[in-house]
Amino acid sequence: MIHAPDLQQIVTEIADEMRRRSDRGEVATYIPELARADPAKFGIAVIDAQGRVAMGGDAEEPFSIQSISKVFTLTLALGRVGDRLWRKVGREPSGSAFNSIVQLEYEMGVPRNPFINAGAIAVTDTILSGHKPREALGDILRFMHFVADDTAIVIDETVAASESRTGFRNAALANYMKAFGVLDNPVDYTLGVYFHHCAIAMSCRQLAMAGRFLAHQGKNPSTGFTVVPAERARRINAIMLMCGHYDGSGEFAYRVGLPGKSGVGGGILAIAPDKASIAVWSPGLDDTGNSHLGRIALEALTQRMGWSVFGA
Ligand code: GLU
């Protein structure tokens, strides 16, 4: 008789193994406030199709979701303007670092995809159009509350201020796009909203909950609400698979085999379609800016559960 693997047991074992490892990557320092994160932290939360929650390590501790917020701003922007969004931003993998500026020049200010910084800034600009920055940010935060079914999620103002003070590279990207007419709003407004949504703090459990609609054809089975049509969920997953880890996206697909989105805070949201929504967090990054242990933990989980989108 074949027994289904026990998800909670596997998650506990992975969390224990990750706690013991000495290779933990390097915490991001270019946003001063993120440099304070403790590299000893590790958390994992998995919510399966039946809504069972398996957690290990620091799964309940909020961390800076950073670029993982780009999955949700993309979802929101597509809801607002639909396919018109693709006039402002492409959907091809970049093969460049998350904050690269070279590609923007020869592609006339149109970013490769919505997950590199330039692309995410263009997406934020779309959400901002017709609104005041404070309203746009309120919309983004309310959307997070809706998808995670949790109104306790907040923006870490200290992280937002820290990035606003030091985000010269993102300001360069935004100004460059503005020069090409890709941004419609004042650069300072767009950047303000961008820095703040990157500074949303969430735990692995909250993030796994927020990702459920992507794992279940656009609908969050926990709340019963349809967030997006099934086709859109599928397409967002495709973009996550191809572009979710910057120039580490190929390696992530090879090793983990799931759509995923990382953030420099050390979090990763990964989607096993029809099976589970998964969030991991470990602040130390590899040299492509993705969570080192987060990726290793996801590789262990998908191997043991047989969850790769490329076959068991
Ligand atoms: N707020 C960060 C930045 O713009 C996000 C980068 C990331 O998480 O990869 O630099």
Side-chain angles (χ1 to χ4, degrees), residues 25-37 62-74 89 93-101 103-104 111-125 127-128 137 140-141 144 155-177 183 187-202 204 207 239-240 242-249 251-252 260-270 279-292 294-295:
E26 297 291 328
V27 170
T29 52
Y30 77 100
I31 300 173
E33 198 56 28
L34 293 185
R36 294 154 53 94
F63 60 90
S64 193
I65 67 167
Q66 290 296 319
S67 284
I68 304 171
S69 62
K70 297 172 183 175
V71 173
F72 302 97
T73 49
L74 171 65
V89 57
S94 69
S96 326
F98 67 102
N99 55 6
S100 169
I101 199 163
Q103 215 162 38
L104 263 189
R112 266 289 168 100
N113 68 62
F115 292 159
I116 50 172
N117 284 9
I121 293 167
V123 168
T124 302
D125 186 70
I127 295 173
L128 177 58
L137 205 50
I140 295 168
L141 198 57
M144 295 313 298
I155 292 169
D156 184 331
E157 291 292 344
T158 318
V159 172
S162 182
E163 187 168 3
S164 303
R165 270 197 308 276
T166 55
F168 303 112
R169 214 171 157 117
N170 285 324
L173 293 169
N175 278 293
Y176 207 72
M177 288 189 287
L183 299 190
V187 165
D188 286 354
Y189 287 11
T190 302
L191 280 176
V193 177
Y194 172 78
F195 291 144
H196 279 78
H197 75 63
C198 286
I200 292 172
M202 288 169 79
C204 289
L207 204 50
I239 299 170
M240 287 171 77
M242 300 308 292
C243 315
H245 284 73
Y246 309 116
D247 51 344
S249 298
E251 185 70 3
F252 189 83
K261 181 74 202 87
S262 69
V264 288
I268 303 176
L269 172 66
V280 291
W281 169 53
S282 175
L285 308 179
D286 62 19
D287 54 12
T288 52
N290 301 303
S291 176
H292 175 69
R295 203 263 294 142

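For ligands, and for the atoms within them, numbers begin at 1 and follow the listed sequence.
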Under the side-chain hydrogen bond (donor to acceptor under 3.5 Å, both in side chains) test against S262, which residue among D286, T288, N290 passes? N290

Taking only heavy atoms of the protein into account, state which residues are under 4.0 angstrom from an atom of ligand 1, in chain and number order. Y30, Q66, S67, F98, N117, E163, N170, Y194, C198, Y246, G263, V264

A199: side-chain contact (heavy atoms from CB on, under 4.5 Å) partners, not counting sequence neighbours: I155, V159, A160

Take atom OH of Y189 as the centre, draw a 6.0 Å sphere, and report whether it contains more than 12 heavy atoms from other residues, nucleotides or ligands. no

Within 45° cone and under 6.0 Å: K261 NZ/CZ vs Y246 ring: yes

Heavy atoms of other groups near E251 CD, more than 12 under 6.0 Å: yes

Main-chain N/O of S162 paired to T166 side chain as donor or acceptor, under 3.5 Å: yes

